[in-house]
Structure formats: C-alpha cells, structure tokens
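Note sheet for the following structure.
Excluded from the calculations below are hydrogen atoms, water molecules and symmetry mates; all remaining heavy atoms, backbone and side chain alike, are included. Residue numbers start from 1 in every chain, and the chains themselves are labelled A, B, ... in the order their sequence lines are given, proteins ahead of strands.
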Protein chains: 2
Amino acid sequence: MTSPPPSDPGLPDAELLRLDHQVCFSLQAASRAFGGVYRDALKELGLTYPQYLAMMVLWEHGPLPVKTIGERLHLDSGTLSPLLKRLESAGLVRRERSPEDERSVIVHLTEAGTGLRERALSVPRTILGATGLSVQEVLALQETLARLTDSLSRAGRTG
Amino acid sequence: MTSPPPSDPGLPDAELLRLDHQVCFSLQAASRAFGGVYRDALKELGLTYPQYLAMMVLWEHGPLPVKTIGERLHLDSGTLSPLLKRLESAGLVRRERSPEDERSVIVHLTEAGTGLRERALSVPRTILGATGLSVQEVLALQETLARLTDSLSRAGRTG
DNA sequence: CGTAATTGAGTTGTGCGCAATTAAGTTATG
DNA sequence: CATAACTTAATTGCGCACAACTCAATTACG
C-alpha cells in the first residue's frame with residue numbers, strides 16, 4: 001500500500017475538474033488514432049487490430065487455449081469467441097477441444113495463419129514510425145500508462 | 001515540420017518490433033481501465049462515459065448542433081445520432097431542427113438534463129483520485145498523448 | 001433561375017468490449 | 001460413488017466506433 005497522492009492540492013478545483021476527463025479523453029483520442037493507423041496497415045492482411053493481437057500471441061507462443069489468449073490480451077470470451085471464429089472463417093486458425101481437458105479450446109495456427117506472419121513483419125516498424133516518438137518517450141509513456149492502469153484497476157476493484 | 005526521429009536506431013529490431021505494439025496495447029489497457037472506473041462512477045447517473053462527455057459539452061456550452069458536439073468529441077453522426085437518441089429517451093436532452101438551417105439538429109438540455117449536472121459534479125474528483133497520478137504527471141502525459149495523436153493522425157492522412 | 005456540389009443527420013452493417021447467463025467438463029468433498 | 005463447487009467456452013444483449021450510404025437542405029455556379 002503506497003500512499004497515493006491525495007486530491008492534489010495546489011491547483012484550483014475548477015482546474016482539476018477538467019484535467020481528469022481530459023486525460024481519459026486524450027487517451028481515447030490516441031487510442032483511436034492508433035486504431036486508424038493500424039486499420040490502414042492491416043487492411044492488406046485482412047485483419048483488425050484485435051485480431052492482429054490475437055495472431056501475434058499465437059505467432060509468439062504457438063497453440064494456446066482461449067483462456068490464455070484472453071489473459072494475455074485482457075479480453076474475455078465474449079470478445080474472443082466471435083473474434084476467433086472470424087479468424088477461423090478466414091482460414092487463419094483452427095479451434096480444437098483439448099483431449100486432456102474437454103472444457104478447453106486450443107487455438108492452432110493453420111498454414112495460412114503461420115504464413116501471414118511474414119507479411120505482418122513490416123507492420124510494427126510502420127506503426128512505430130507513425131508515432132513520431134523517441135524510444136525514450138515510448139518507454140516513459142509506457143511506464144506512466146502501466147502505473148495509471150494499475151491504479152485505475154485497483155480503484156475499480158476496491159473503490 | 002519538425003524532423004520526426006527516424007526509425008530510431010540504437011535498439012535491435014526485435015526490441016523495436018515489440019515496443020510499438022505495446023504502446024498501443026498499454027494505451028488501450030489504460031483506456032479500458034478508465035472505462036471501468038467511469039462505469040462505476042456514472043452508474044448511478046445512468047450514463048455511459050461517451051454519454052457523459054456529450055452531457056459535459058452541453059453543460060458547458062448550452063444548446064449545440066450535432067455537428068459541433070461531434071467536432072468537440074471527435075465523433076461522427078454514426079456514433080452520435082443513436083447516442084443522443086438514447087439521451088433523449090432518458091429525458092435528458094431534446095433535439096430540435098434549427099429554423100435557420102433545417103439540416104441542423106440543435107440539442108438542448110431538458111430540466112432533468114440540466115439538473116443532472118449537480119449529481120455529476122463529484123465524478124471528476126473521484127476519477128482523478130483513481131488515477132494515482134500527480135498533476136505534473138497528468139500534464140506531461142497529456143502533452144505526450146497530444147503529440148502522439150497528432151503524429152498518428154498525420155500519418156493516417158498522409159501516409 | 002436551375003442545376004451541381006456541398007453540408008448535416010440519419011441509417012445500416014461490421015466488429016469490439018463488457019456484463020450476465022448458460023452449458024459442459026473437471027475437481028473436491030462427504 | 002454422488003453431489004457440490006469451480007472452471008472454461010460460448011451465447012446474448014447493449015452500447016460504442018467507424019465506414020459507406022441515403023436523404024434533405026443549402027450554397028455555388030453557369
């Protein structure tokens with residue numbers, strides 16, 4: 001339990017009352033801007049950004065149950081199930097029940113899914129270039145965002 | 001035209017290839033964490049976060065056409081039209097055609113909508129507290145996000 | 001004046017994110 | 001062994017975001 005900074009005196013209320021909403025707002029703006037860039041970059045691959053994330057997890061770790069993919073991406077089955085079905089319809093993955101635990105559905109890459117990785121390799125560099133940020137800034141931003149997310153999640157659970 | 005840092009040599013490719021996706025990922029994680037906190041904070045008001053944003057714009061500026069609300073929130077009519085209809089169904093706003101320009105729909109607050117502002121006043125402080133960030137960090141974060149969003153938008157249009 | 005181009009809302013369709021529920025399989029317990 | 005508790009996916013329903021489109025109103029131009 002670190003003591004979070006209290007309601008941060010030093011600025012007038014009216015100022016504070018605007019700051020917070022703008023943080024979230026700026027965050028969503030950046031998030032949506034990313035979405036646009038990824039949309040363009042992924043269009044020729046026929047993937048959306050969340051689908052791309054799921055594929056990245058599979059490219060990196062091989063066959064995984066839905067549960068694990070969900071944990072990596074912080075997504076639940078309500079989001080993943082239809083997403084993975086779309087990837088399956090596109091012929092990129094196969095879903096098979098685990099013989100060991102029939103509750104688990106293991107998601108495998110198909111040949112096409114594995115092959116797609118080659119064409120996806122250029123995407124990250126494109127995106128990084130589009131951010132216009134230095135590596136230092138990226139790292140600092142991630143550090144701040146990680147702490148922010150942690151605080152917010154904690155507040156959601158306990159507050 | 002500032003010269004954006006080039007593909008940032010100095011780190012191996014494999015490292016860079018992971019960074020970018022994690023920025024967007026961290027961003028979305030933070031964004032979703034905010035969503036959760038706002039969801040809790042706004043539950044008793046019967047508003048979602050985007051609805052809350054729309055209400056804030058109206059509380060601040062009075063009656064506005066859909067167009068202007070969309071510009072403020074960076075949302076198009078495809079998102080706003082149903083959202084505003086839900087607010088109207090909830091009795092918080094009224095939508096009226098502008099007599100000067102019959103294409104415009106002016107969104108007005110109702111008594112209930114105006115009254116809701118009182119109950120919404122406590123929300124921002126709650127959120128700010130949940131972020132666990134200092135004011136300096138908030139300001140720095142916003143500055144970075146603004147630049148990031150700007151670069152990404154520019155990349156989307158021109159790239 | 002009359003037609004063309006533009007503008008502002010709305011509609012439709014796709015996909016994501018989340019809550020709540022259901023169903024089926026597994027594990028623990030009496 | 002039988003039942004209860006838990007786990008894993010899937011489904012349903014709602015709302016947001018965006019693209020593509022339609023429609024009516026306005027503005028610009030010949």
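The residue B:Glu100 sits close only to the backbone: its heavy atoms come under 4.0 Å of sugar-phosphate atoms, none of a base.
Annotation: proximity of residues 41-62 of chain A to DNA chain D (heavy atom, distance under 4.0 Å) is found for no residue.
Following rounding to the nearest Å, A:Gln28 (CD) and C:dG17 (C1') show an atom-to-atom distance of 12 Å. Rounded to whole Å, the distance from CD on A:Glu102 to C1' on D:dA9 is 13 Å. The distance between atom CD1 of A:Ile69 and atom P of D:dT8, rounded to the nearest whole Å, is 14 Å. Between A:Glu71 atom CD and D:dA9 atom C1' the separation is 14 Å, expressed in whole Å. Across the protein-nucleic acid pair, B:Arg32 atom CZ and C:dA19 atom P stand 11 Å apart, rounded to whole Å. Per the geometry, CG belonging to A:Asp76 stands 12 Å off P belonging to D:dA10, to the nearest Å. In this structure, the NE2 atom of A:His74 is 11 Å from the P atom of C:dC18, given to the nearest Å.
The shortest side-chain heavy-atom distance between A:Leu128 and A:Val135 does not fall under the 4.5 Å cut-off. Side-chain contact between B:Leu47 and B:Tyr38 is absent, with no heavy atoms from C-beta onward closer than 4.5 Å. At least one side-chain heavy atom of B:Asp20 sits under 4.5 Å from a side-chain heavy atom of A:Pro124. By the 4.5 Å heavy-atom criterion applied to side chains, B:Arg147 and A:Glu137 are counted as neighbours.
Classification of A:Glu96 and A:Arg94 as a salt-bridged pair holds, one side-chain N sitting under 4.0 Å from a carboxylate O. Here B:Arg97 does not pair with B:Glu102 in a salt bridge; the nearest charged N to carboxylate O distance is not below 4.0 Å.
Residues B:Val37 and B:Ala130 approach most closely at CG1-CB, 4.0 Å, considering heavy atoms.
When hydrophobic clusters are built by joining Ile, Leu, Val, Met, Phe, Trp and Tyr residues whose side-chain heavy atoms come closer than 4.5 Å, directly or via intermediates, B:Ile106 is not grouped with B:Leu73. No single ILVMFWY cluster, assembled from side-chain heavy atoms under 4.5 Å apart, contains both A:Leu42 and A:Leu121.
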For each nucleotide in nucleotides 2-14 of chain C, reading 5' to 3', give B when a protein heavy atom comes within less than 4.0 Å of its base, S when such contact involves only the sugar-phosphate, and - otherwise. -----BSBBB---

